[in-house]
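Below is one structure, written out as structure tokens, with a few remarks after it.
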Amino acid sequence: MKYDFKNIEAKWQKKWEEDGVFHAKDDSDKKKFYALVEFPYPSGAGMHVGHIKAYSGLEVISRKRRMEGYNVLFPLGFDAFGLPTENYAIKTGIHPRKVTDTNIAKFTSQMKRVGFSFDWTRTVDTTNEDYYKWTQWIFIKMFEKGLVFRDKTLVNYCPSCKVVLSNEDSQGGKCDICHSDIVQRSKDVWYLRITEYADKLLEGLNEVDYPANVKAQQINWIGKSRGAFVDFTLSGTDEKLTVYTTRPDTLFGVTFMVMAPEHPLLDKYRDQISNFSEIENYRDICSKKTEFERTQLVKDKTGARVDGLSAVNPVSGKEIPIYISDYVMMGYGTGAIMAVPAHDERDYDFAKKFGIDIVEVIKGGNIDEAAYAGDGEMINSDFLNGYTNKKESIDRMIDNLVEKGIGRAGVQYKMKDWAFNRQRYWGEPIPIVHCPHCGMTPIPYEDLPLRLPDMENFEPGEGGESPLAKVESFVNCICPKCGAPAKRETDTMPQWAGSSWYFLRYIDPHNAERFADSDKLKYWMPVDWYNGGMEHVTRHLIYSRFWYKFLYDIGEVPVSEPYAKRTAQGLILGPDGEKMSKSKGNVVDPNDVVDTYGADVLRMYILFMGDYGAAAPWSENGVKGCKRFIERFAGLMDMIGQGAVTEVIDSDLHKTVKKVSSDIEEMKFNTAIAAMMSLVNKIYDAGSITKNELAVLVRLICPFAPHIAEEMWEKLGFSGYASLAEWPKFDENKVVDSMAEIAVQICGKVRGTITVPVDAPASEVIAAAKANEKIAAILDGKTIIKEICVPGRIVNIVAK
RNA sequence: GCGGGUGUGGCGGAAUUGGCAGACGCGCAAGAUUUAGGAUCUUGUGUUAAUUCGUGCAGGUUCGACCCCUGUCACCCGCACCA
């Protein structure tokens, strides 16, 4: 059979679309399967091979599920709000709406060329007002439940993009988008109180099937720690300086305290501080540093002593000095720490630099040389002396602090509340009105969506104001509560907003009454399998679990966790083994591959190139190898009925069905394809195959290379689609061999092999091994010390 | 610094999870076919003089270790002075 991939692929893509082969049914008696992939940002550059890899995994699994009789929902949409489109609009003057539509159209047609079995009738676009209406709706629900608040805070500000960025978006002290330096600036920030859900987000991990490393990353991100709040008295005042510590048991080793330079108590007691000008000086220096710079792990600590103020160690009663340093931040804990230089590296460095006492309270290290962070016997600690168990000593100390009324057990989270506003045009408007009488007032639900006004100039306003602030007809409005003239909020939501609930909209994408119908939600949720990149397992995965759990708490969705199972694909590197990037010139365009080799070859190669979860470099020769395989596969058509099929092939066919079926479930696509290659090689050796056997193989390869599979299915004379044909079953009897070849080792080294019945008892197997010529020769003259036989696996004879 | 991961032929990667290391593919070599190139087919291909040595390195456990343990090196990802 000639492999005319261009015509074959176009032909079947057209048929699939015309017949709606991959449309999910809402009213089905079948078991459902909801497969979700992370929807793309429709950039102007178009599709990337990374997209293909990200979708190919669940593409194969979805196709297998359909053949197994499931009602499959496998949708794709577009996460289209965001800076690149807006920046492009600023540069070219083309409206972001137009740019987005163009890019989505381009992506869609490219995706269709690959033959993905997405249900294109359910596609969503986060920038569509029918979609963002519900993003705003959820925001207002959160507002009503007190999960939204506003605060004036020091924020990361990008002077070039003129936007406030969350900490997550400003890593490295550089803007995530334009890479210019971030500066600290005071701004009004809208926050979502995600910390309220910290425990629920942690507990929910017990219910879901995520890889252990993904769970570990989420747990670390949330960063729950148990410890104690301890009150230190400022000497000469009634003022309490409270600190949070995870190691209250080291309290006897506290020889100084460190406050964040911004700590408000410094201002309150400025009259008592004799060197306040020095403090202000240091504050000035700190304010110029970004949070990133402040939090670099540097040996050379900076800081200043606070003269005139000191604290009292509440357990020892000793008076200890207070310092300020930028390694302590207002944003975590209480903005002040108790320093235990003997057992904390940062405190140790600081103490050495400023000549502060170091008191050892845990035995085991040499505190003249370095801080000792390990476990050991407590010393110099009064009632804790002799304790070696960390948990016991911590509990004992907390009891003591509570007894004395100077402390209490506490919990802290590393996770911060989610900064939720951007001064940008291309995002969801925040549906809040600022009324001089009523304050912040949400827009009534029936008035949603709050539409983005049409405008021409998308440059941010002066001082980083949102471009929307320039649109008077948008800004000026009437308070929905009291009717007085009011102003609209002009900031928009971040890109994470739309992607926090998109999987719910696929379930009912055209519903005008609700974000999705309850019965449909009940049928389809949870997502059975969610695949995406490792880079999203903290931010997006936590944000969307948070939104979903909120919707669950207010009774809008049926189950408590959105994603039952999560997996992640690995990167595709350039042919040079480096991460693909335009600047390196090592980017592979999937469209070129489809043009030259066809979609089936592209799909096959991407899944064959290596472990799906690991990074692997692109190889043009590897692509050619897959093309060769598909051509050989198509060539099987010419071998039908050329002779009697041997039992070996029959058994191999069943083994292959078994292996491919189980490998797909484990996302071991590379070995599934290898198994099919091996079988095809064997068939070529045999020179013949029956029509029914080929029909099995065609269905087996269908999820990987659906176009050629459909074409062969039709040529074989079957009606209907291979894509909807029944997934092949295997006969367990034909998978089990009657004889097994097992290795015979002498002293752990393989010296020969024997073939024995699989169910032969150990004694017989050992006897057979000894009877083997080679083995007998080696054993001749030696004393057998031990004989090990694992039936069906191995014989090992230890001899001297 | 903390957390997670990876390390196997010339290359991408397999290995039933403690039981014959190198499946499958690429590349390479020889041969066939072809006017030639390309394509295709056949055979071979970790290494060695070896019954040798071989899964980053050094130890350990075990009859037996790519797999488990201890130490160590290198690289990748995430978080980052988190108290």
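Note that this is a predicted model, so its numbers are computed, not measured. In the text below, chain A, chain B and the rest are named by the order of the sequence lines, each starting its count at 1.
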Taking the minimum atom-to-atom distance to the side chain of Ala616(A), which one of C20(B), G12(B), U51(B) wins?
G12(B)

Can you identify which nucleotide, out of G25(B), C20(B), A14(B), has its nearest atom closest to the Phe608(A) side chain?
G25(B)

Nearest to side-chain heavy atoms of Asn621(A), which nucleotide of C20(B), C26(B), G78(B)
C26(B)

Which is true for Lys668(A) with a 4.0 Å heavy-atom rule: it touches a base, it touches only sugar-phosphate, or it touches nothing?
sugar-phosphate

What is the distance, to the nearest angstrom, from the CD1 atom on Ile746(A) to the C1' atom on G19(B)?
16 Å

Could you say whether Asp685(A) or Asn220(A) is positioned toward the 5' end of RNA chain B, judged by the nucleotide with the nearest heavy atom to each?
Asn220(A)

In whole angstrom, what separates Tyr210(A)'s OH from G5(B)'s P?
19 Å

Closest approach to the side chain of Val798(A), judged atom by atom: which nucleotide of A21(B), G13(B), C63(B) is it?
C63(B)

Identify whether any heavy atom of Val750(A) sits under 4.0 Å from a base atom; if not, whether one sits that close to sugar-phosphate; answer base, sugar-phosphate or nothing.
sugar-phosphate

Taking N and O atoms by type only, does the side chain of Gln217(A) place a donor or acceptor under 3.5 Å from a partner on the base of C77(B)?
no

Using the glycosidic torsion, which applies to U17(B): syn (within 90° of 0) or anti (everything else)?
syn

Students often get this wrong, so: under 4.0 angstrom with heavy atoms, is Glu741(A) touching a base, only sugar-phosphate, or nothing?
base

Which base sits across from G9(B) as a Watson-Crick or G-U pair, both distances under 3.5 Å?
none

Select base, sugar-phosphate, or nothing to describe what Ala614(A) touches, counting heavy atoms under 4.0 Å on all strands.
nothing

Can you tell me how far P of C2(B) sits from NZ of Lys224(A), to the nearest Å?
24 Å

Is the phosphate of C41(B) approached by Arg632(A) (side-chain N or O, under 4.0 Å from OP1 or OP2)?
yes

Any side-chain donor paired with an acceptor under 3.5 Å for Tyr597(A) and Glu620(A)?
yes

Whole-Å distance, Glu666(A) CD to U17(B) P, equals 11 Å

To the nearest Å, how far apart are Arg793(A) CZ and G64(B) P?
19 Å

What nucleic acid atoms does Thr753(A) come within less than 4.0 Å of, heavy atoms only: base, sugar-phosphate, or nothing?
base

Picking from A83(B), G13(B), U52(B), the nucleotide nearest the side-chain atoms of Arg751(A) would be U52(B)

Among the nucleotides U52(B), C20(B), A23(B), which one has an atom lying closest to any side-chain atom of Thr671(A)?
A23(B)

For Gly625(A), report the nucleic acid contact type (base, sugar-phosphate, nothing); a contact means any heavy atom under 4.0 Å.
sugar-phosphate

Just to confirm, is there a sub-4.0 Å distance from OP1 or OP2 of C63(B) to any side-chain nitrogen or oxygen of Lys786(A)?
yes

Under a 3.5 Å cut-off for both contacts, is C2(B) paired Watson-Crick or G-U wobble with anything, and if yes, with which nucleotide?
G78(B)

Of the listed nucleotides A15(B), C53(B), G13(B), the one nearest the side chain of Lys749(A)
C53(B)

May I ask you to say what Asn681(A) touches in the nucleic acid, namely base, sugar-phosphate or nothing, with a heavy-atom cut-off under 4.0 Å?
sugar-phosphate

State, without any angle test, whether Tyr244(A) and Ser225(A) hold a side-chain donor-acceptor pair at a distance under 3.5 Å.
yes

Pairing check on U34(B): which nucleotide meets the Watson-Crick or G-U wobble criteria with it, both distances under 3.5 Å?
none

Within the 4.0 Å heavy-atom criterion, would you say Met677(A) contacts the bases, only the backbone, or no part of the nucleic acid?
sugar-phosphate

Examine C41(B): is either OP1 or OP2 under 4.0 Å from a nitrogen or oxygen in the side chain of Arg628(A)? Give yes or no.
no

Euclidean distance, atom CG of residue Leu607(A) to atom C1' of G25(B) [Å, nearest integer]
14 Å

Nearest-angstrom distance from the residue atom CD1 of Ile785(A) to P of G64(B):
11 Å

Taking pairing as Watson-Crick or G-U wobble with both contacts under 3.5 Å, can you name the mate of G27(B), or confirm there isn't one?
U45(B)

Out of C63(B), G13(B), C82(B), minimum distance to the side chain of Lys414(A) belongs to C82(B)

Assert: residue with more 5' nearest nucleotide on RNA chain B, out of Asn213(A) and Cys626(A), is Asn213(A)

Sugar-phosphate only, base, or nothing, as touched by Asp344(A) at under 4.0 Å among non-hydrogen atoms
nothing

Whole-Å distance separating the CE atom of Met609(A) from the P atom of A23(B)
20 Å

What I want to check is whether the side chains of Glu38(A) and His540(A) have a donor and an acceptor closer together than 3.5 Å.
no

Could you check which nucleotide pairs with U51(B) in any of the strands shown, counting Watson-Crick or G-U wobble with both distances under 3.5 Å?
none

N-glycosidic conformation, G9(B) - syn within 90 degrees of 0, else anti:
syn

Using the ring centroid of each side chain, check whether Phe256(A) and Phe350(A) are separated by less than 6.0 Å.
yes

Which nucleotide sits closest to the side chain of Asn670(A): A21(B), G64(B), G13(B)?
G13(B)

